[in-house]
Amino acid sequence: MAMKDINVNFVTDADRPEPGIKSVKLAKLDIHPVTHKPLAAVQSPFFPGEVLVAEFKNNEWVCYLDI
């Protein structure tokens, strides 16, 4: 099964390369065990091979890079 692309809003307070909304490959969908909110494991658009976690918040996927 091919990986799907999703739009993720990358948020940072530090000097990271080009935060903002990017289309990235979805690796896995899950549910947070405590909050029961959707989580997405996505391929990093900044560092090849790195997987980041995005949460579904305010009707968009958001990934906080400084956490």
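Please read all numbers here as calculations on a predicted model, not as lab measurements.
- Contacts of E55 classified as side-chain hydrogen bond (donor to acceptor under 3.5 Å, both in side chains), with partners at least two apart in sequence or in another chain: none.
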Residues 29-45 side chain polar contacts: donor-acceptor under 3.5 Å, at least two apart:
| from | atom 1 | to | atom 2 | distance (Å) |
| --- | --- | --- | --- | --- |
| H32 | ND1 | V34 | N | 3.0 |
| H32 | ND1 | T35 | N | 3.1 |
| H32 | ND1 | T35 | OG1 | 3.4 |
| T35 | OG1 | K37 | N | 3.4 |
| S44 | OG | F46 | N | 3.0 |
| S44 | OG | F47 | N | 3.0 |

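- In the hydrophobic clustering, where aliphatic and aromatic side chains (Ile, Leu, Val, Met, Phe, Trp, Tyr) are joined below 4.5 Å either directly or transitively, I21 stands alone.
- Linking ILVMFWY residues whenever their side-chain heavy atoms come closer than 4.5 Å, directly or via other members, leaves V8 and V53 in distinct clusters.
- Transitive grouping of hydrophobic side chains (ILVMFWY, heavy atoms separated by less than 4.5 Å) brings F10 and F56 into a common cluster.
- With sequence neighbours excluded, no residue forms a side-chain hydrogen bond (donor to acceptor under 3.5 Å, both in side chains) with N7.
- Looking at L26 and D5, their side chains never come closer than 4.5 Å, going by heavy atoms from C-beta outward.
- Here K28 pairs with nothing under the side-chain hydrogen bond (donor to acceptor under 3.5 Å, both in side chains) rule; sequence neighbours left out.
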